[in-house]
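FYI, side chains are in, hydrogens and waters are out, and symmetry mates aren't considered; it's all heavy atoms of this structure.
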Amino acid sequence: MTGTANSFGQEAFDFVESLDRLDTPDAVLDIMQGATSRFGFEWVAFAGILPKPAETMDDHVLAHRSPDGLHDVYTSRDYIRVDPNVRRALHSSRPFEWTWEDYGDEHGSRSTEVMRVLADFTLLRSFFVPVHGVGGYEAAVALSGADVELAPEAQPGLHLMSLCAFERVRQLRSGKQESKPPLTPREREVLAWSAQGKSAWEIGTILSVGKRTVDEHAQTAMRKLGAVNRTQAVAIALRHRLFDV
């Protein structure tokens, strides 16, 4: 599976391009599963913020594909409030991998219980993508399976795909049309080169400006787009067709 990551960057861009042609959350789930199955991922979930005390998880799950019975068990036992992966996502906007063996009794009996239940339903490994906005943690995308092998070089593309797919599902569920955020040509250039994996120093060389100037353009674009990091800004910009790839 590792070898399949070499061309995954362009496939990630093609995936993002295809999202606007999809008109249901199920269709997004279909192509997400198809695109990530090469790495051993079988299941995918798009879930919103932690429910308030009077709410249930069903109020915040946007779309999911999971083993039969898992959703009912997870929801009825209110596992979202004690899931150690959700707790970790609250404090980081960076994606992370986990295996069920990562969590022992030191995390608390309820947390361990969650992980053992996930393992019983064949969710042994996962790539977890927190979605943060300017107000903090908003949601997460979880890709899981029993036999996952995810090459490090494929993770940036998968991160981008997850963020874009989440935004498309959220838009489809809300039924609202999105307006294009206003970015300057230079801000778009910086994000476009960031999408190609270029560092701020490399972008500065390409555009004949200093690294500090690149960082300033990136920060301004992030603020306008409501993004907390460049990957999220790129994902939002791609979804709005603010630059070509």
Side-chain angles (χ1 to χ4, degrees), residues 1-19 32 35-36 38-39 41 88-98 126-141 143 148-168 180-245:
M1 295 180 194
T2 303
T4 66
N6 295 333
S7 63
F8 192 61
Q10 184 56 50
E11 291 187 35
F13 290 135
D14 294 340
F15 172 91
V16 172
E17 287 284 320
S18 72
L19 286 172
M32 194 70 175
T36 61
R38 68 174 64 189
F39 303 111
F41 293 116
R88 180 175 175 181
L90 287 171
H91 304 290
S92 174
S93 61
R94 298 179 62 85
F96 56 89
E97 292 184 84
W98 62 256
S126 180
F127 186 69
F128 205 89
V129 180
V131 181
H132 286 248
V134 292
Y137 177 77
E138 291 185 345
V141 180
L143 301 167
V148 174
E149 184 181 344
L150 181 60
E153 58 267 30
Q155 293 187 19
L158 196 57
H159 185 196
L160 184 66
M161 289 168 55
S162 297
L163 291 174
C164 288
F166 173 81
E167 290 298 333
R168 182 56 176 159
K180 289 187 177 182
L183 295 183
T184 66
R186 185 46 60 94
E187 289 163 359
R188 296 184 188 202
E189 281 185 306
V190 168
L191 292 184
W193 285 114
S194 296
Q196 299 294 335
K198 301 297 184 182
S199 67
W201 183 87
E202 291 171 322
I203 296 171
T205 300
I206 294 168
L207 300 180
S208 298
V209 298
K211 176 182 177 298
R212 180 177 177 180
T213 300
V214 172
D215 288 335
E216 288 174 350
H217 284 306
Q219 288 294 327
T220 302
M222 287 164 53
R223 185 167 57 253
K224 289 180 179 179
L225 297 173
V228 297
N229 55 46
R230 289 190 194 183
T231 300
Q232 189 177 20
V234 168
I236 296 171
L238 282 171
R239 282 280 299 111
H240 287 281
R241 297 290 195 274
L242 297 182
F243 60 80
D244 296 324
V245 294

- Does some side-chain heavy atom of L143 sit less than 4.5 Å from a side-chain heavy atom of L158? yes
- Of all residues at least two apart in sequence or in a different chain, which pass the ring-ring contact (aromatic ring centres under 6.0 Å, His included) check with F128? F96
- Query: Judged by atom type as modelled, is there a donor-acceptor pair below 3.5 Å linking the side chain of Q232 to the main-chain atoms of H132?
  - Reply: yes
- Query: How close do F15 and M32 get, heavy atom to heavy atom, and via which atoms?
  - Reply: CZ-SD, 3.5 Å
- Distance (rounded to the nearest 0.5 Å) between E97 CD and Q155 CD: 4.5 Å
- Message: Working to the nearest 0.5 angstrom, can you tell me the gap between I203 CD1 and K211 NZ?
- Response: 10.0 Å
- From L191 CG over to M222 CE, what is the distance, rounded to the nearest 0.5 angstrom? 9.5 Å
- Close side-chain approach of V209 to V214, heavy-atom, < 4.5 Å: yes
- In this structure, CG of L183 is separated from CD1 of I236 (nearest 0.5 Å) by 10.0 Å
- Query: Stepwise, does the side-chain contact (heavy atoms from CB on, under 4.5 Å) test hold for L163 with V131?
  - Reply: CA-CA 7 Å; L163 291 174; V131 181; 4.0 Å; yes
- Message: Measuring only between side-chain heavy atoms, which start at C-beta, is L207 closer than 4.5 Å to V190?
- Response: yes
- Task: Compare every heavy atom of L242 with every heavy atom of R188, then report the nearest pair and how far apart it is.
- Result: CD-O, 3.2 Å
- W193 atom CH2, over 12 foreign heavy atoms within 6.0 Å: no
- Return the minimal non-hydrogen interatomic distance between P182 and K224, and the atom names on each side. O-CD, 3.1 Å
- Message: For H159 versus S93, what's the shortest heavy-atom pair and its separation?
- Response: NE2-O, 4.3 Å
- Taking every non-hydrogen atom, the tightest pair across P95 and P130: CA-CD, 3.8 Å
- Does R241 have any side-chain contact (heavy atoms from CB on, under 4.5 Å) partners at least two apart in sequence or in another chain, and if so, which? E17, D20, K180
- Item | Beyond-backbone contact of L19 with L238, side-chain heavy atoms, under 4.5 angstrom | no
- Message: Taking the side chain as everything from C-beta on, heavy atoms only, tell me whether L150 gets closer than 4.5 Å to F127.
- Response: yes
- Query: To the nearest 0.5 Å, how far apart are CZ in R88 and CZ in R94?
  - Reply: 10.5 Å
- Of the non-hydrogen atoms in A195 and F13, which two are nearest, and what is the gap between them? O-CZ, 2.9 Å
- CD (Q196) and CD (E202) are apart, to the nearest 0.5 Å, by 11.5 Å
